[in-house]
Amino acid sequence: MARYAWAPRTLAGTAGWTHITCPLGDAIGWILQGRVHPHTGPGGTVWWTADAYVQLAAARARMEAEAEAAARARAAEQARRAAAARAAAAERRLEDALQRAQERQAEQERLAAFLQHAGIDPQLWPTFTQLVRTASGKPVEYGVQSPAHGNGLLLYSRPRPGAAFTLAGVVCPDPQALAQWPAELTILVPGQTWLARIQAAARTPLKVAVLNPITKRCAFLRITAQPPEPATPGGGHTFTRRALC
């Protein structure tokens, strides 16, 4: 003989079949009266029990099945939403990448004349720009190629959030423009060739940042003025090459 106990009648309640004992005469009487019937319990054990207990066990099983189905549905919905979110994020990343590529292409087209003037490979320009940003430690943006600054490219930086961008440097100005160059206006060059040209033409102290996009190395130098030597008897001029400070 067995009965089904479930209290309280919620999923959190304890439920299960419980073996009971009774006098043999009572058991035979219940069987003959049809008050109990055979029931196969867990593990294949056959018990005699009342229909009410079987119905109670079935109700508990239905509740568990419904809860499991609801949990599977929630998990499937969460998985669907997560997959949709990943797809949307991937699409946004693709759109952002395409937009950045278009912006880089537009910027390189805008700067085509300057890159030719500076002799900088357009493929290396993004690396040079990254070196500029890293070295500055501030937001930077490029302006236009400025005839007033030896056809160099103007570079602006923002000293602090909310402040306006101000002129901070010039990329690759012609050495002929260095005669009246402001002492605190940094000159940015991509390598030793440009550095040598700037050094040879310096007539006042200069600040130079060498940002090599090939080696990805940065150097910050102060170049001393190199005034011309007196004229030679033959009418020519000689210049003394001085060390970098």
Side-chain angles (χ1 to χ4, degrees), residues 1-109 123-142 157-165 213 216:
M1 292 289 177
R3 68 164 57 94
Y4 191 80
W6 180 17
R9 293 190 180 183
T10 64
L11 283 177
T14 302
W17 288 98
T18 304
H19 177 71
I20 62 173
T21 59
C22 65
L24 179 59
D26 291 346
I28 293 174
W30 294 340
I31 292 171
L32 295 177
Q33 296 166 13
R35 295 174 59 185
V36 296
H37 302 279
H39 174 73
T40 303
T45 303
V46 178
W47 292 329
W48 289 89
T49 189
D51 288 340
Y53 293 134
V54 175
Q55 294 172 6
L56 188 60
R60 169 74 185 208
R62 282 194 301 272
M63 185 178 290
E64 290 176 343
E66 291 170 356
E68 184 178 352
R72 286 197 300 268
R74 287 194 298 270
E77 178 63 16
Q78 291 175 353
R80 185 193 67 77
R81 292 182 180 179
R86 289 193 297 270
E91 185 175 356
R92 287 194 299 270
R93 288 194 297 269
L94 178 59
E95 291 175 352
D96 291 344
L98 290 175
Q99 182 177 355
R100 289 193 298 271
Q102 291 171 354
E103 290 173 350
R104 287 194 298 269
Q105 181 64 28
E107 182 72 353
Q108 288 192 357
E109 291 175 359
Q123 299 299 322
L124 294 176
W125 183 247
T127 304
F128 180 84
T129 298
Q130 184 59 45
L131 291 175
V132 172
R133 291 193 176 114
T134 301
S136 171
K138 304 176 183 131
V140 298
E141 62 180 26
Y142 293 113
S157 71
R158 185 169 60 191
R160 60 186 179 279
F165 280 87
K216 299 182 181 179

**Asked** Given Asp51 and Arg35, is the side-chain contact (heavy atoms from CB on, under 4.5 Å) satisfied, shown in steps?
**Response** CA-CA 8 Å; Asp51 288 340; Arg35 295 174 59 185; over 6 Å; no
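Rounding to the nearest 0.5 Å gives a distance of 13.0 Å between CZ of Arg62 and CZ of Arg60. Taking CD1 of Ile20 as the start and OH of Tyr53 as the end, the distance is 6.5 Å to the nearest 0.5 Å. One distance of note links CG of Leu11 with CD of Glu66; it measures 9.0 Å at 0.5 Å rounding. To the nearest 0.5 angstrom, Ile28 atom CD1 is 11.5 Å from Gln33 atom CD. To the nearest 0.5 Å, atom CZ of residue Arg9 and atom CE of residue Met63 are 10.0 Å apart.
Between Ser157 and Glu141, the closest side-chain pair of non-hydrogen atoms is not below 4.5 Å. His37 is not listed as a side-chain neighbour of Thr49, based on a closest heavy-atom distance of 4.5 Å or more.
For Glu103, the side chain to side chain donor-acceptor pair (under 3.5 Å) test picks out Gln99, with sequence neighbours left out. Here Gln130 pairs with Thr134 under the side chain to side chain donor-acceptor pair (under 3.5 Å) rule; sequence neighbours left out.
When every heavy atom of Val46 is checked against every heavy atom of Pro38, the shortest pair comes out as CG1-CB, 4.1 Å. What you find for Val36 and Ala50 is that their closest heavy atoms are CG1-N, 4.2 Å. The two residues Lys138 and Pro159 come nearest to each other via the heavy atoms CD-CA, 3.9 Å. Ala27 and Met1 get closest at one heavy-atom pair: CB-CE, 3.4 Å. Contact record, Ala15 with Tyr4: CB-OH, 3.3 Å, taken as the closest heavy-atom pair.
A donor and an acceptor atom, one from each side chain of Tyr142 and Thr129, are located under 3.5 Å apart.
Taking the centre of each ring, Trp48 and Trp30 stay at or above the 6.0 Å mark. A distance below 6.0 Å separates the ring centres of His39 and Trp17.
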Only distances under 3.5 Å count here; give the side-chain donor-acceptor pairs of residues 69-97 to other protein atoms, sequence neighbours excluded, each with its distance to 0.1 Å.
{"from": "Arg72", "atom 1": "NH1", "to": "Glu68", "atom 2": "OE2", "distance (Å)": "3.0"}
{"from": "Glu77", "atom 1": "OE1", "to": "Arg80", "atom 2": "NE", "distance (Å)": "3.1"}
{"from": "Glu77", "atom 1": "OE2", "to": "Arg80", "atom 2": "NH2", "distance (Å)": "2.6"}
{"from": "Glu77", "atom 1": "OE2", "to": "Arg81", "atom 2": "NE", "distance (Å)": "2.9"}

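The aromatic rings of Trp125 and Phe128 sit parallel to each other, their planes meeting at less than 30°, with 60° as the upper class boundary.
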